[in-house]
Amino acid sequence: MRMMWCAAVALAVGGSAAAQSPAALNTPPPPLPTAAATPPAALADDMKSVLDQLPLLGARPIEALTAAEARLEPGAADAYNAAIHKAGMSVAPDATVTTQDLAYGADAMQFARVYRPGAAAGTGAPLPLIVYYHGGGWVLADVTAYDATPRLLAKQLNAIVVSVEYRHAPEYRFPAQHDDAAAAYQWALQNAAGWGADPARVALAGESAGGNLALNTALYARDHALVRPLHVLAVYPIANRDPALPSRRDSFAARPLDTAMLGWFAHHYAASRDQLADPRLDLVHADLHGLPPVTIVNAQIDPLRSDGETLAQALRGAGVSVQQRTYNGVTHEFFSMGRLVRGAYDAELYAVARLKSAFGL
């Protein structure tokens, strides 16, 4: 019988891994885990209509691929666009929100996409600022794949949204992504006024690996005398390395993220097994005191669901104001699919309302 997820990860991230090796893009994937998986919850029909597009697009299991191969695969955003097109709706992004790419560091991947809402023109008053971090397990995806959420937040909150690109693993392993997230936050604060934003009215947001970065950046701001965010929105964040979490079993074979993929990502971003215990990755064991209010959004059919639920408990234990909601019938990556998926629509409304309250809107 093949080893469980934690053991697979431990083998996959043995000390021989190179910290910054382009050759690692083509290393074989780690061993696949097995588990006595419990039956998954039922998919909502609208969520299923999105996931059904993945095999039609030719998507292969990420955990069986090299990093170089995986980066060429269609993802959840592609499946959503295909489902939108099939439903007879336009896939064009909302043109009332404009964007500009700007560098915050010397590496080609150290840039940010700044979103400006059309309603900002001529108002004169500084707008709220949101610094957003995309998902992809710190290995896959980019700001283009995760365009929908920052565009939505910019329009719904009439805010300047800075979507941060960062160096990816395995070319740059942990903690390069966390270092970039902190550097981009400082850069955004320094440049906010030039974009028409108020650096004192800032929030952090992120999805999946980006949800982890958003929380870590709030911790960095606390510890380095930076402007502290008013709020953190973390959508299905990576937060707990415990392989026995309930969602690791009941969502073992979920799409588009399954439990094996968690080990696959760790294989690429961690340079050693000891790094998996770092509190920046294992956030439930970090010092969470003094954080601003936090909103956590989770999907029911997602191996990271228990991460968000246990993180909420840890935050409450640290005296942090937190609200956490798990949406039934939906999966990882559902957030921002609100034009087609009712659960996503509800989650978007909830997140926007929480940020509006934080900004005093």
Does any part of the side chain of [Y], heavy atoms only, come nearer than 4.5 Å to the side chain of [X], both counted from C-beta?
X      : Y      : answer
Thr310 : Leu245 : yes
Tyr172 : Asp179 : no
Ser163 : Tyr146 : no
Leu54  : Pro256 : yes
Val284 : Asp242 : no
Lys86  : Gln53  : yes
Leu281 : Ile238 : no
Leu233 : Tyr132 : no

Q: Could you tell me whether Arg280 atom CZ has more than 12 heavy atoms of other residues or ligands within 6.0 Å of it?
A: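 More than 12 within 6.0 Å, yes.
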Could you tell me the separation between the [atom1] atom of [X] and the [atom2] atom of [Y], rounded to the nearest 0.5 Å?
X      : Y      : atom1 : atom2 : value
Leu283 : Asp278 : CG    : CG    : 9.5 Å
Asn298 : Ser247 : CG    : OG    : 8.5 Å
Glu207 : His134 : CD    : NE2   : 10.5 Å
Asp46  : Tyr345 : CG    : OH    : 13.5 Å
Asp180 : Tyr133 : CG    : OH    : 10.0 Å
Thr149 : Ile130 : OG1   : CD1   : 11.0 Å

Hey, does the side chain of [X] reach the backbone of [Y] with a donor-acceptor pair shorter than 3.5 angstrom?
X      : Y      : value
Arg167 : Gln177 : no
Arg116 : Gln100 : no
Glu165 : Val143 : yes

Q. Distance only, no hydrogens: is a donor on one side chain within 3.5 Å (strictly under) of an acceptor on the other, for Thr331 and Glu333?
A.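 Absent: no donor and acceptor within the cut-off.
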Q.
Hydrogens and angles aside, do Arg151 and Ser336 bring a side-chain donor and acceptor to less than 3.5 Å of each other?
A.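 Judged by distance alone, the side chains do not pair up.
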Q: Could you give me the CA-CA distance, side-chain angles and deciding distance for Val297 and Arg325, then say whether side chain to side chain contact (heavy atoms under 4.5 Å, CB included) is met?
A: CA-CA 5 Å; Val297 172; Arg325 289 188 183 179; 5.8 Å; no
(Q) Could you walk me through whether Tyr115 and Asp147 satisfy the side chain to side chain donor-acceptor pair (under 3.5 Å) test, starting with their C-alpha distance in whole Å, then the side-chain angles of each, then the deciding distance to 0.1 Å, before giving a yes or no? (A) CA-CA 10 Å; Tyr115 290 75; Asp147 172 81; 2.7 Å; yes
**Q.** Aromatic ring pairing Phe174/His178, orientation class (parallel under 30°, perpendicular over 60°, tilted between)
**A.**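 Taking His178 first and then Phe174, their aromatic rings stand perpendicular (interplane angle over 60°).
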Q.
Check the orientation of Tyr104 and Trp187. Use parallel for under 30°, tilted for 30 to 60°, and perpendicular for over 60°.
A.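 The arrangement is tilted - the two ring planes meet at 30° to 60°.
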**Q.** Candidate pair Leu25 and Arg71, rule side chain to side chain contact (heavy atoms under 4.5 Å, CB included), full reasoning
**A.** CA-CA 10 Å; Leu25 279 169; Arg71 289 178 182 172; 3.2 Å; yes
Q) When you check the gap from the basic side-chain N to the acidic O, do Glu309 and Arg305 get nearer than 4.0 Å? A)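 Yes, Glu309 and Arg305 are salt-bridged.
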(Q) Would you say the ring centers of His231 and Phe359 fall short of 6.0 Å from each other? (A)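 Between His231 and Phe359, the centre distance exceeds or equals 6.0 Å.
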Q. Is the ring centre of Tyr166 less than 6.0 Å from the ring centre of His168?
A.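 That pair passes the under 6.0 Å test.
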Q: Taking side chain to side chain donor-acceptor pair (under 3.5 Å) as the test, write out the residues that go with Asp307, two or more places apart.
A: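 Listed in chain order: Arg248.
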(Q) By the definition side-chain contact (heavy atoms from CB on, under 4.5 Å), identify the one residue from Val322, Leu311, Leu288, Leu204 that meets it with Val294. (A)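 Of the listed residues Val322, Leu311, Leu288, Leu204, the side-chain contact (heavy atoms from CB on, under 4.5 Å) partner of Val294 is Val322.
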**Q.** Heavy-atom closest pair, residues Gly329 and Gln300
**A.**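 Residues Gly329 and Gln300, closest heavy atoms: N-OE1, 2.8 Å.
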Q: Apply side chain to side chain donor-acceptor pair (under 3.5 Å) to Asp94 and Thr96, showing your working.
A: CA-CA 6 Å; Asp94 188 337; Thr96 65; 2.6 Å; yes
